[in-house]
Structure formats: C-alpha cells, structure tokens
Amino acid sequence: MIKPLKALGALVVLAALVGGIPLALLTFYGNPIPQQLPGAEDVAHLFTTNDSIGFLLFVVVWIGWVAWATFTLSVVVEVIARMRHIPTPQLRGLSAQQGAAAVLVAAIAGLGAPAAMAETPAEIAPAVQTVEAPAMPTEQPSTETQSDHQDTSAPETEDLVITVQPGDTAWDLAAKHLGSGSQWSEIVKANDGKIQPDGGALRVGEDPFLEPGWKLTIPGVPAIDTAPQDAEQQYETVTVERGQSLSSIADEHLGDADRWPEIAEASAHITQPGGYHLEDPDQIDIGWTLRVPTDAPAVPAHQDDEQPSQQDEAPSSEEAAAGAAEAAEQAVDAASDALPAGQAPQADTAADAAPTGAETPAPASAPSAEAEETSTVPWTGVGSIFAASILGAVLARRLYTQRKRRADQRIPEAATVDLDQVRLTRIEDPTVLGFVDRALRTLSALQLRDGQTLPDVRLARLTDDHLELYASAPHELPAPFEATEDPATWLLPRTAALADDETIADIVAPYPALVTIGTDSDGYQILVDLEHLAALGIHAASQTSMPVMRALTVSLATSQWADDLAITTVGVCPELEDALGSGRITYRETVTELLDDLEAKLERDQEVLEELGHDSAQHARQAGDATDLWAPEIIIIGTDLSLTEKRRLQAIVDARPQIAVAVISSDQHTDLSEWRMHIESLEAARLEPLGLELHPQHLTDADYDAVLRALGAASTLEPTDEVPDEQPATEEAPAAPLRPVAIVQPSTSTILTAAQRDAEPELPAEHPYIRVLGPVEILGATGPLEDKRLAELTETVIYIYLQPGKAENDFRADLWPGKRVADSTRHQRISRARKWLGATEDGTRYLPRANGADGSYTLDDHITSDWAYIQQITELHQDATSEQLAEALKLVRGAPFAGGGRSRYRWSITLQYRMTDTVLDVAHELAQRALDAGDIETTLWATQQGLLVESLHEQLWRYRLQAAAHDPDLHQRITHDLEAQIAAVDDDYDLMPETEALMYTTPAAHRIAI
C-alpha cells in the first residue's frame, strides 16, 4: 500500500538536497565564483600556498557544487520523463545521481520504483553479433515421461487483457496491474511477437514502446472472476485512480457515498495486482479493479478501454513537435513560394532540418477505425517465410489460371480480397525464400566441387543478419560460410555473395524437408530438417495441436525450396489436396492404408541404398545417386495410433539404411523419436530435446479457410456479364465454343494504319503524370530531389494517388512494412514529396496538407496516370474506337510496377492483378477486331502489347498463330517464340489443346517443314 508519509518524506529529502545543499554552501563558504578571472599569479599561489586546509576546503566546496548540479539535472530529467511517459534518457557518468533521483521522484509519485529503470534495464541492451556460436539451447535429455503429460485441454484461468491508451508505457501498466513497474518485462514476455491491429508487436530485447489500441495480456492477473452473483444484478467494472476511495467511487457511480459496502462486497473475490484482495475498505490502491452494482447492462471491463485520460485530450509532446515541424515546413514553403522565380530558399524546412527520428518509435495516436481485436487479426501465427510461401502458392495458381482465361472470363475477386493479401504482404519477406534456397544450393554446389559431404543439418535459424546452420556433428564448410566457436554451427551472412543461376541450375535441393516451426524469443524464425529428425511429435490438446499441424502441412505443401516433396496426411487438411492441385499432397482415410505403401517403399528403397553403399536416402541424393529415391515423403498424422500401427511406423522410422521418410504425429502417447514439440498454447511451445522455447507457427480456423478459399478462387474462371448464365465459364467447360481453326487471309483494309500504331502516345505535360504500367516513374515533377530519395518518394506519391484517403496506420504499415517509424519520419517524407511534386500555376500544391479529420492524404485532381486512361477506355468497352484502344495499349511498357524492386510496392499486389486483367482485356478486344478484319499487322501489334504484362497468355498467342496461319515462315517464327517462352517460364507447362492445335496443325506447309 502507498502511504502518504512515504511520499512526504521523499519530498522533504528531495527539497533538502535540491534547495538545502546550495543554501548551506553559500552560507558557510560564500560564492565560490571569483569576481574576476584569476591571473597567473593567483593560479600559482593556489598550488604553492602552505594553506593546505584552505585548498582542501576549496576543492570540497567545488565537488559539492558539481554533485548538486548533476543531481539537480538528474531530477529535472526524471520529472520530465515521468510527465511525458517516456523512457528516462541515461546521462553518461551520472548513473548514481540518476538512480537516487529516480527513487525519490518515484516515491513522491507514489509508484514505488524509479522510472529510470522502466525502459533501460540490462535485459534489453542490443545484442552485438559476433562470430561466436549463437546462444542456442544445448541438447539435454528430457526428464518427462508419458505419465507426466498433463491434459492441456483442462480449463485455465484467463489472464487479464487490456487496451493500451495514449501515453501508456510498459512500466506504467506493470505498476498499475502487477503492483510494481519493475515487472514490466513480464508484460513484454507475455505479449512477445503477438501481432497487434496496426501490424506492430512487442519483442523481447527491443524497446517496449506501445501504441494506442494494442491489446496486451497482463500475465498472472486473472480476468474479472465470474463469481456467483444475483442473476438480476449487473455490474460495471472500474479501475481505481489516484485520490479515489470506496466512498468517492460509490458517490460517483451510485450517487450515494454510503453505498460503498456494496462495492466492497462485490469486489472482495477479485485478485488485484500483486496478489492482494480487498480486505480493508480504507486500503485500496491505484490500478485496482472494482465491481460497482448497476441497474444498466454491464459495460466493458476496464475504464482504460473507454474513458480517455487527460493525455487523450491534449497531444503528446511528440505530436506537438511533429505539428510544430509541419507548421515550420509550411512557413518555409510559403516563403519559398514568395521568392523570385529561380531563386532557391536558403534553408530547408524545419522538418527536414530536424533529426529524422527514423529509429524512434511513433508517438501515441488513436487506432484506425479498421483496428481489430487481437483475436480476430489474421495471420498472427504466420512468419515471413510462411507468408511468402502462401502468397507464392496463391499467385502461382492465379497466374496459371490467368494464362488460360479468355476475354469473356474472370478470376473471382476472392482470389485476392478474401485472403487479405495486403495484410499478408506486410508480414512476408519477399527476399527470404530466394535467399534460403540459393544459400543451401550454393552450399551443395561448393561441397560437390570440393568432393565433400553436406552436413546433417538438424536446425536452422534465420536472423536479420545471418542464416545459422546447426549440424548434428562437427563439419567443415567453405566460404562464404563462417565458422563459430562450435564446430557444428555455421553462419552465412545475408549479404554474402552466393552462386549464380548457372552454377546451381542442376543442383538438387539439398534439404527439401526443411520447414519453419515458429520463432524464438528474439522473433527469429526456427527451421528443422524433418528428414534428419525422422519423426517429430506434437504434444498438445487437439484444439491446440491442429492449428500447428495445419501450418506444418501448408508450409511443406507450398515450400518453394523443395524441388519435389511427397506429403501424405491422415486426419489433417483433407481439403488441401484438391485446393492446391499440385500433386505434392495426398490425403488418406486410414493409417493402415498408408502403412502398407510405406512398408513396400521401405523394402524397395533399402535394397537400392545397400547396393549403392549409402546409409540414408538423404546422403544418396546429395551424392547424386539413386535419383529415383531422392524425394522425401512426409507423413502427417493427426489421429491416435493403435499399438500395431505404432509398431509398424516405428520400424519404418528406425530402419537403416534410412529411407526418405519423416513422420509428424500428434499422438501424445507415441514418441517415434526424441524430437517433439510441447505446445502449451498457440503463443508458447518448447522443442525437445533442445529445450528451445518458441512461438509455434500455426494457422487458425479462419486463416486456413481463407487460404482454401483463395486457392479455390485462384483456380476458377467465371463468366463476365456478356456470357449467359447457362454457359458457366470454367477451365473444364469453356464459356464459348472455340473459333474454327481457319487461315486468316490478310485484307487490304486495315482498322489501324502503321502511323497510328507507331506514333508515340500523347502524355499530359502541364501537370505531373504517373506511369505504373511498366517501370514506375513520375513525369513533370519540378521541385528539388535528392537522387537517393527518388525511389521512396515515387512510391509514396503513387501510393497516395492509387489509394487516396488511406488511414494513417495503413499508410505506415504499407510503406514501412515490418517497421515502426516516428511521425517525424512520415512527415519528412511527405514534406519532401510535396516539394518535389511542386504546385500549379496558381500556387496550389499537388500534394495538399493532410485531411484534418483523419490525417490522410490525397493528390490534386490535375495529376493523372496511364492506369486512369486505360480504365476510362475499359468503361467504354465495345463502344471504344480502335484508335482509343490503341492509344491505351501504347501506354503499356511492361508488367505493372516493373522495376519497383522486391521490397517496394508490396501493397499493390491486388492492384497488379486488376491492371494485368484490364490490359489483357483491351488487347483481346483490339486483336479480335483486327483479326476479324484481316488486319494482320494490327493483330500482331495488339497481342505483343498485351504480352508485355503476361508473357504466356495463351489466347493472345492463339490470336498471333491465327494471324500468321497464311504465312508458314511467320507461323514458324511465332511457334518457336512461344516454345522459347515456355522454356523460359516453366519447362513443365502444359498448353491448352486448342493452343497446341494452332501451333502444330496449321498451316500445312509448316507442318511438313517440321
């Protein structure tokens, strides 16, 4: 309990130190500062005098003044930090003074612990990457037995979940709910890696900055107990604030101070922060939760979820500073506008001159209207590798369907919208899949070159800087892999030079069964090689194990660094086989049916391995032998095993030589190997025998359903409005009959002349013009620009143009995916973009100030784009003239957003689909008109422009083949072009029968020639 006498005593001590010390020094010694500067004789006298006592007194007095000044400075810093609810800056060399000041100020504030400790404990000091062995757990024998397994399905008390309010810090919340601010790290650990509505998350080891609207779990503090109560009586929940008592709360909420006993009785069972209970009605504490009777329906559980604090009403200091920077920037903009033409301002905006703040957290701001509860935010259990795999699978299915579709068909919007791909792209790392794949193939190529074997990798860890490989035994690896103190652990920098495409072209994926299983306490992804583990047990209740099993299944089924992989499931993801349609995954109804096939495979493969002299299929694959055995088969079993099934499966796993089989099983009574994951919840698990604590990767029911729907939609073709309902357009049942394969004779009349086709498109010159159909660029921007900022400013302007009025949280998450930036950083980028775009003749900025209501941005209406023009032509559809269609196609210079880089424009994925579809439709329309008119040259030109956005779109190729049917030589060239395109994209690509018919059955002269 906080006692007023303690705070009063601290205040007296602080006043004595701050005010008493200088008063005493002045009284007993006087002003130590001389009236005039000492001369050389005075200095010599000071060091040569025999008055040692005077000299010593002089030194002591100055030490006292220095100590007082540094202590007073520490007090001022501490008070300001507390008032602003920010971490206390650490002053070099003043740790003792700051510690004392923090204790006194905290005691006066009634928090019982110093604020200086709130955000800067040693635990969160940034780790320095060295070439020492990474600190991974050592393998230890597990002390658990099967009898030790607890029923994790038993109901547990739920922890309290609160909503972060503006100004809240981890220290404040710990002081409020746990009884001591020093326990702030417990809150961080309990919420480590939990994705919040704005895409951010707390991370152990990082500064615990909070954003308003976040939902945080308070560990060890139960949610409001559902104690028995009068069925007719309802309650509201309030949080005790400074200066309140039971009487004042009763008076405020019940209108009668004498009704305080009702509150005391209703709240006696609640466990308060620190484990206390309300026993003495005169002793309640700040942050306690109380239940107040009410005749009205109960309100949500916490005042801090509903009632804004005083900090809500006044902007934070960071917001005020950002506002000041904006005001200063506006003033400089106005001043620069007033300068004579051609004269540049002498200084940049205040926002540009101020520190960038790129590494400081964004100040508190209200969550957007789109913020969701943590429990409903999708993809909370998906890491960057898994996210990239899911997106890659959906994109591959959609791309394949896109290449097959006709102009009168559409891919449903659900292929992109239902998956919520934009949110998923904020999680994925677009470079990580390629890096891991190339790194492992590079390792294999180097070891083959040197005649060395590959290490048996059991575990891998992907950090921001390295790929870490943990082998089962010491091994020697070549550069660029770096050795550590542990000879079985190697590091590969993510900036290392890896083998080129030609070198790894024929290298078989060395670890095709490598899969992510979750993230460690640092937020780094952990991968295991299932083929080396042979078996992995999932120990958890069914409602917890299934999301993890789903994630493993989908991750393996969509893995992009496995050349070939066979996955068989029983009781897990029965729908995935049809949804993916890749042939990689098969569902079986019973384990017995599966075991019959596995035992036949065991007998067959072991015979070959013994002949070759290999102890495992993995080693045979790495040596280039037994190529028909190299594809691992992963068995995923989500049902309990009988004793017979367990015995048969154990024999397959333990067999030597080891065939390419690995088993994942959720049967908690069956451990096929020492490797197992004990899953306490979807937020916490432990990998044995390493004892590695991690956040398990998982797919919730909602996320899995979204993946299935997206894959299904991406594989579906539906008719456009022009196709009658009785003629559904699917890949199996075309919407309309094929046109007869006929030789199209060229006509003397044309729908477009060569001059019309070859003329350069007319682009607006009086205002900035945006081009996204090909390499991104902005034409006509007249303001100053640093070359190094061209890419970021171009993306910012295009984002605002294509998505005007986007909420601030979306703006941050899309343009800085995976990062947290300060308001000053965002304002500076907007300020630079505003100056770069310039203004109209009447001085109107092309990028106006933010909208006052929601802080969003829009561009001036004078700015237009190639995409806007094509949309206008599309709206005209068949009413558009051939000249208009041609002008639209002239604007196409390549795939949408080409050249934007892999890390930029991830937010545009759904727009890219729409743009590609639209361009193809325009090309279809013009090519069909030209083909019907016998205008061969226009047909070839229109199809060529359409192929710029999708190089293997079959209907456009069919148009080209039909247009060339009259000319055997031209037909042969186009056929060879298509064959080359297939070889460049996918050697295994299957053309539609009608496309092959046009390639190889017409014209007759060409058929004879080949």
Side-chain angles (χ1 to χ4, degrees), residues 166 196-200 211-214 308 312 315-316 318-330 333 349 351 357-358 361-372 377 417 420-423 425-426 767-768 770 772 778 781 792-840 844-865 867-868 904-911 914:
Q196 299 294 341
D198 64 353
E211 292 285 358
W214 282 14
D312 292 315
S316 67
E318 287 94 341
E319 290 171 326
E326 278 285 278
E329 188 268 338
Q330 185 175 7
D333 281 348
T349 67
S365 59
S368 71
E370 299 175 3
E372 304 172 66
V377 174
V417 177
D420 191 10
Q421 291 197 44
V422 172
R423 193 185 298 271
T425 57
R426 296 172 183 173
H767 302 289
I770 294 173
V772 293
I778 298 177
E792 69 178 35
L793 296 185
T794 299
E795 182 184 20
T796 302
V797 171
I798 292 176
Y799 180 89
I800 296 172
Y801 173 76
L802 292 174
Q803 305 197 76
K806 270 290 187 177
E808 179 184 331
N809 283 346
D810 289 325
F811 186 89
R812 293 174 187 266
D814 289 337
L815 292 183
W816 290 273
K819 301 177 182 179
R820 297 180 61 199
V821 296
D823 266 351
S824 59
T825 303
R826 180 172 58 89
H827 286 314
Q828 286 179 22
R829 181 178 291 193
I830 292 294
S831 173
R832 294 186 179 106
R834 180 178 294 118
K835 289 184 296 183
W836 175 45
L837 284 180
T840 63
T844 302
R845 290 284 188 177
Y846 289 119
L847 176 52
R849 301 287 165 185
N851 298 326
D854 55 11
S856 61
Y857 293 94
T858 57
L859 293 184
D860 184 82
D861 292 339
H862 288 97
I863 294 183
T864 186
S865 67
W867 170 232
R904 296 193 184 277
Y905 300 96
R906 290 153 63 179
W907 49 267
S908 68
I909 183 168
T910 55
L911 281 170
R914 195 180 314 154

>> For Arg826, give me all partners under salt bridge (charged side-chain N to carboxylate O under 4.0 Å, His left out), at least two apart in sequence or on another chain.
In response: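 Only Glu808, Asp823 meet the salt bridge (charged side-chain N to carboxylate O under 4.0 Å, His left out) criterion with Arg826.
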
>> Using the rule given for side chain to side chain contact (heavy atoms under 4.5 Å, CB included), can you reason through Val797 versus Trp836, listing the C-alpha separation, both sets of side-chain angles and the distance that settles it, and then say yes or no?
In response: CA-CA 10 Å; Val797 171; Trp836 175 45; 4.3 Å; yes

> What do the steps show when you test Tyr905 against Leu911 for side chain to side chain contact (heavy atoms under 4.5 Å, CB included), and what is the final call?
Replying inline: CA-CA 10 Å; Tyr905 300 96; Leu911 281 170; over 6 Å; no

> Partners of Phe811 by ring-ring contact (aromatic ring centres under 6.0 Å, His included), sequence neighbours excluded?
Replying inline: Tyr799

Pairwise distance [atom1]([X]) to [atom2]([Y]) - rounded to 0.5 angstrom:
| X | Y | atom1 | atom2 | result |
| --- | --- | --- | --- | --- |
| Leu837 | Thr796 | CG | OG1 | 10.0 Å |
| Leu815 | Thr825 | CG | OG1 | 12.5 Å |
| Arg812 | Lys806 | CZ | NZ | 15.5 Å |
| Leu859 | Arg845 | CG | CZ | 13.5 Å |

Which residues pass the side-chain hydrogen bond (donor to acceptor under 3.5 Å, both in side chains) test with [X], not counting sequence neighbours?
| X | result |
| --- | --- |
| Thr794 | none |
| Trp867 | Gln871 |
| Thr864 | none |

>> Just to verify, which of Leu793, Ile770, Ile863 counts as forming a side-chain contact (heavy atoms from CB on, under 4.5 Å) with Ile778?
In response: Ile770

>> Quick one: does any side-chain atom of Ser865 pair with a main-chain N or O of Ala868 as donor and acceptor, under 3.5 Å?
In response: yes

>> If we ignore hydrogens and angles and just use 3.5 Å, is the side chain of Arg834 paired with the main-chain N or O of Leu847 as donor and acceptor?
In response: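 Side chain of Arg834 to backbone of Leu847, a donor-acceptor pair under 3.5 Å: yes, one is there.
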
> Quick one: do the Gln803 and Trp907 side chains pair a donor with an acceptor below 3.5 Å?
Replying inline: no

>> For Thr840, give me all partners under side-chain contact (heavy atoms from CB on, under 4.5 Å), at least two apart in sequence or on another chain.
In response: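 Partners of Thr840 by the side-chain contact (heavy atoms from CB on, under 4.5 Å) criterion, ordered by chain and then number, come out as His767, Asp842, Thr844, Tyr846, Asp860, His862.
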
